[in-house]
Amino acid sequence: MAPHDLRRPFKRAAISDQQRRRELSLQRQAQNRRDAQHQARCLAQTILSLQNDTAEPHPEFEIAAQAEEHAQDFDVRQAARLKGAEARRWFAKQLMLPEWMIDVPDRLNTDWYVCARPAGKRCFVVSSNGTTVSRLRNGSMLHKFPSALPNGARINNNSRSGQSYCILDCVFHEPDQTYYVIDMVCWGGMSLYECTAEFRFFWVNSKLVETGASNDPSTYHRYRFKTVVIYNCDPGGLKAAYTEPVPYVKDGLLFYNKHAHYQSGNTPLVLVWKDENCSQYVLDTDGKGQIPDQQQVVLELLDDGRLATSDDPPVIFGCLDKDFIQKTGLQASTLLRFAINEGGLCFADGKLEKADLQYLGKPNRARAFADSYSKVMFQYTVRHSPLRIEHLFASVNSLSEEENTCDTDMVG
Amino acid sequence: MAMEVTQVLLSAQAVDSTVRKHAEETLKQFQEQNLPGFLLSLSGELANEEKPVESRKLAGLILKNALDAKEQHRKFELVQRWLSLDAAVKSQIKACLLQTLSSTASDARSTASQVIAKVAGIELPQKQWPELIGSLLSNVHQVPPHVKQATLETLGYLCEEVVPDVVDQDQVNKILTAVVQGMSSTEGNTEVQLAATRALYNALGFAQANFSNDMERDYIMRVVCEATLSPEVKIRQAAFECLVSIGSTYYEKLAPYIQDIFHITSKAVREDEEPVALQAIEFWSSICDEEIDILEEYGGDFTADSDVPCYYFIKQALPALVPMLLETLLKQEEDQDQDEGAWNLAMAGGTCLGLVARTVGDDIVPLVMPFIEENITKPDWRQREAATYAFGPSPDKLTPIVNVALNFMLTALTKDPNSHVKDTTAWTLGRIFEFLHGSTVETPIITPANCQQIITVLLQSMKDAPNVAEKACGALYFLAQGYEDVGSTSPLTPYFQEIVQSLLYVTHREDAGESRLRTAAYETLNEVVRCSTDETARLVLELVQVIMTELHNTLEAQRLSSDEREKQNELQGLLCGCLQVIIQKLGASDPTKYAFMQYADQIMNLFLRVFACRSATVHEEAMLAIGALAYVTGPNFAKYMPDFYKYLEMGLQNFEEYQVCAVTVGVVGDICRALEDKILPYCDQIMTLLLKDLSSNQLHRSVKPPIFSCFGDIALAIGENFEKYLMYAMPMLQSAAELSAHTAGADDEMIEYTNILRNGILEAYSGIFQGFKNSPKTQLLISYAPHILQFLDSMDDVVMKTAIGVLGDLADTLGSNAGSLIQQSLSSKDFLNECLSSEDHLIKESAEWARLAISRAISV
């Protein structure tokens, strides 16, 4: 218990320069750490600024998380390296398939884009490991070629070659031998699956030109890639998409919900619609390229004999007799072709109640899927009471007027 | 054995080192072979009146050291060891100790007092030895004075050793009664009075209840005040110490006594001996400390729920207090500026004046102004020095006369015949520049018109005696600092070269080791570099070579004595510090960075040689500098790693000098960002060491949060390769997170630490999530998400920005896997909304990012 030391600092600065150096060091490190995090988050911030530009209501917690786990969560990066049958199987499941527009969605003029769909072969184009491969809807290979896409040819001295690859959703348009890019799934090693359509289109338009993929064909760039013009689905945009001339043969209109992510399989957030003015193929043809008198549908035979569409969950159109199955020796999971007889389709409360079907046989072997419900319905309405362009215009115009009274909830 | 131990204990104090070492060895063996026997012999020796006092004293000392140690972990071991001893052994030792309190040898009694307190410190918290206090006090009134004195001393040590809540109020009352009675004037024996007064000092912390009782408090205060008037100087000093302690512990109870205390203290300051007068001044300094704290905490805005209101004692005492303190300024000692350990009336009074100025602000001006005006031109140096010093505490309040006095001071700095006056003048100029110069000052004291003159005078003054030159360097430091954010053109540019040369010249002065002159010169050089602009970048680049040469020279010295080695070490520290500042400066813009890169290899080589100079520890300054270098060199730093790595390890293992460990952890972060995945080969070892650091109870807790941040740095650098560390790092983060959630009842310091800890944890999570983004291994993180979301629930405003960022990172990386979790978490939604509407731009930005990531995650 000696007397306590009373000395206080006298004529001294409050902190030493060494302490100051430590603190400045810490400040610099904290700043560098913030920068590193910022860089990691950078991509998302690009999306952010894009979304802010449009002043759209954000889909927030209100959105119902609808889909469960996705097949693509398995790793898109590996997919780019798949080969052979495996690649076929994988890609066959990956394309986002538009539903057919059988009625007009809400808020078409504000929440949707529209574009003129190129006629041709829908395919995935994958560039990786110095080559580019296009795969059709059923997963089979269309072309293998060099391209100016990231890592799409051996000349690219890309230092990140292992990482860099891209996957595009395209329509190959035979007449001008051009791939029209209608969506982008991966770019430069970055997955765009979980990005909104708004962002994906922004990215397509800014990135494709950068790489030179839009240039004329050359030795190391065999096919040209082109973007399609995407319009906001307001009266002007809809009119432009419907009537403006395009460098390709039109096959209907595609509608994209701006907030929708890329989702494999059928989705109601991308819609296709057509009439005679914008498509040569409004009514389906049969195996011989003729338009049959009666509407034909392709359905999948389930284990219990029921006949299902390709939707998830499937819509059931009817049931085959056990006797009939035994007699014809049909196996479960095979696709079957039917004609819709005079009885047509009957509905109750907006749901299909029964269908008057006549068995025709097996479809073309290249078919990978049964028809979707919306496709059957679209073909059915085209034959009976089609959804006309006038309806669409009317809807877009009336929606514009009542916009202010609308609730902003998204029907995601 | 009992016969032998006396001789061994005496031999252990022998002058002959061989004898001494042999005895120490014998004692060590005895302790290792038979601890209970060893402790029993020591206590027996201490209690035995027939033994020489030297051996008894040492026996007691060894006993004491067997019960307590400075290092936390060692202390813990000793406590456990004592508790596990046989009860019979312990009670025999304790009996010996208590018996010794009656010894006629005062040294034996005093040693026993201390040992008893140590035992009490271990046993009372365990609810053992409950009879101790009772038995000490049972016959305190009947015993002879020397036993009474020893008993009171024991109580004093005991109060110092244990925390108040292990002693119940009844016993506290008894202790205080005995102590206060021992202090009172009716006690005839001054030794008893002194012991009682010193015991009260320690017992004050136990007297909360008694100080809330008006009668008891009045009684204690009366006895303390009476003791300040005791004829015995030691008692007066001890009584003032009690007053100082009461002033800070029971500030809110002081009002009824403050007037009396003022009279007592001012009489003591003016008339009493210096040790007493110093305590009397200290009373007012500590009242200032209290009021500054209260005013800072509440900003003078008191509401009913403020803990402690401000009573403005200083403001009330001001008219008498300030003149008293100004008088002390005139009591300087001739050579106080050369004596590092000096502490006298003038220094204490001057310091107190500074605190008073901080407490009351402008009110001090009319009281100080006349003193300055009257004294600053007087022939007596004491008056000039005191008047000049009086500017120091509050130059910003004295603006009108500072402007007038500036020229006077610039002249005095070189012309005054008295070194003491020059010293204070240089210091006061530094204070003036610190407060009245810089971009935030409305009318800066330094103008284009006087800048050159000021610099010339300061540079000249840097050739003066070391203590004066050191203060001149300090003034130049603040002069440079004022131009910190001057823009692209600095008024210092024309003088840059001359200033740097003068400072380098100072560092080479023969007497630069005195008055920390060399250190001050380098510190000023650092500040001049920090505040320089692009105009002088070329000169800074030239400085690199100069400092490198200096550092090289320190490495050439061979076969140094330990004294010389310490000096070399210190100089290397200054040079590495200077290089660090230069590297950071040049690294801040691309052109200068590239120009600097030519020296990177050489500099790194020098740093490695500095490390190699020492055997067991790494040089903190060199480590700091290497962090700056890693940032500048980026991926090129990889080539230094093979040679540097072992020092990195050494730094991470330095528990003793925790600053070194902390700095090294920061450097690991720098290297992660520089090397990115090239750091991978070193990660196993680094992670092992970091995890060890975290589990160590030896390492200062302040190092732990940066270690968590460092996890984040590593994960961000090596991405999914962090996988194998998850199973170690995640549980650590989780338990730290849980720990940080329990802040109920924590004090401010604890809350601040908790927030720093949370920030570290959050930065770790951010780094890990971002590191795993786009990896197929993200699912490894899913199981941790619920806990992390829960952790985010408990966030304080201070860590909001980091926390909302983590929410975004979690959603971004886990995507749909986290969607439903986040959706279920209502608090996450509230938290996001709160952050979105934040006023803070950075929080808002992070929140926008999180909103985006979340909306993507839940809409998939």
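Please read these numbers as outputs of a predicted model, since none were measured by experiment. Within every chain, numbering begins at 1; the chains are lettered A, B, ... in the order of the sequence lines, protein sequences first and strands thereafter.
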Check whether [X] gets within reach of chain A through its side chain, its backbone, both or neither, counting any heavy atom under 4.5 Å.
X: B:A342; answer: backbone
X: B:T424; answer: both
X: B:L355; answer: side chain
X: B:T778; answer: neither
X: B:E763; answer: both
X: B:R431; answer: neither
X: B:T428; answer: neither
X: B:K471; answer: side chain
X: B:Q779; answer: neither
X: B:Q824; answer: neither
X: B:Y201; answer: side chain

Give the member of [options] that has the highest number of heavy-atom pairs under 4.5 Å with chain A.
options: B:P706, B:S285, B:G712; result: B:S285
options: B:D713, B:V667, B:T351; result: B:D713
options: B:T524, B:L624, B:V581; result: B:L624
options: B:C672, B:G669, B:G627, B:G771; result: B:G627
options: B:A717, B:G808, B:G341; result: B:G341
options: B:G767, B:S709, B:G350; result: B:S709

Could you go through B:N467 and A:K11, starting from their C-alpha distance and side-chain angles, then the distance that decides it, and tell me whether this counts as side-chain contact (heavy atoms from CB on, under 4.5 Å)? CA-CA 11 Å; B:N467 60 305; A:K11 292 189 183 174; over 6 Å; no
Salt-bridge present (B:E523, A:R20; N to O < 4.0 Å): no
Between [X] and [Y], what is the shortest heavy-atom contact and its length?
X: A:R8; Y: B:W343; result: O-CZ3, 3.3 Å
X: A:S25; Y: B:Q580; result: OG-NE2, 3.0 Å
X: B:R673; Y: A:Q29; result: NH2-O, 3.8 Å

For A:K207, look at atom NZ and say whether over 12 heavy atoms of other residues, nucleotides or ligands are found less than 6.0 Å away.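 Atom NZ in A:K207 is crowded, with more than 12 foreign heavy atoms closer than 6.0 Å.
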Here the gap from B:L716 atom CG to A:R33 atom CZ, rounded to the nearest 0.5 Å, amounts to 10.0 Å
Nearest-0.5 Å distance that lies between atom CZ in A:F10 and atom OH in B:Y389: 4.0 Å
Do B:E620 and A:R21 come close enough that some side-chain heavy atom pair is under 4.5 Å? no
Per-residue contact mode, A:L24 against chain B (heavy atom under 4.5 angstrom): both
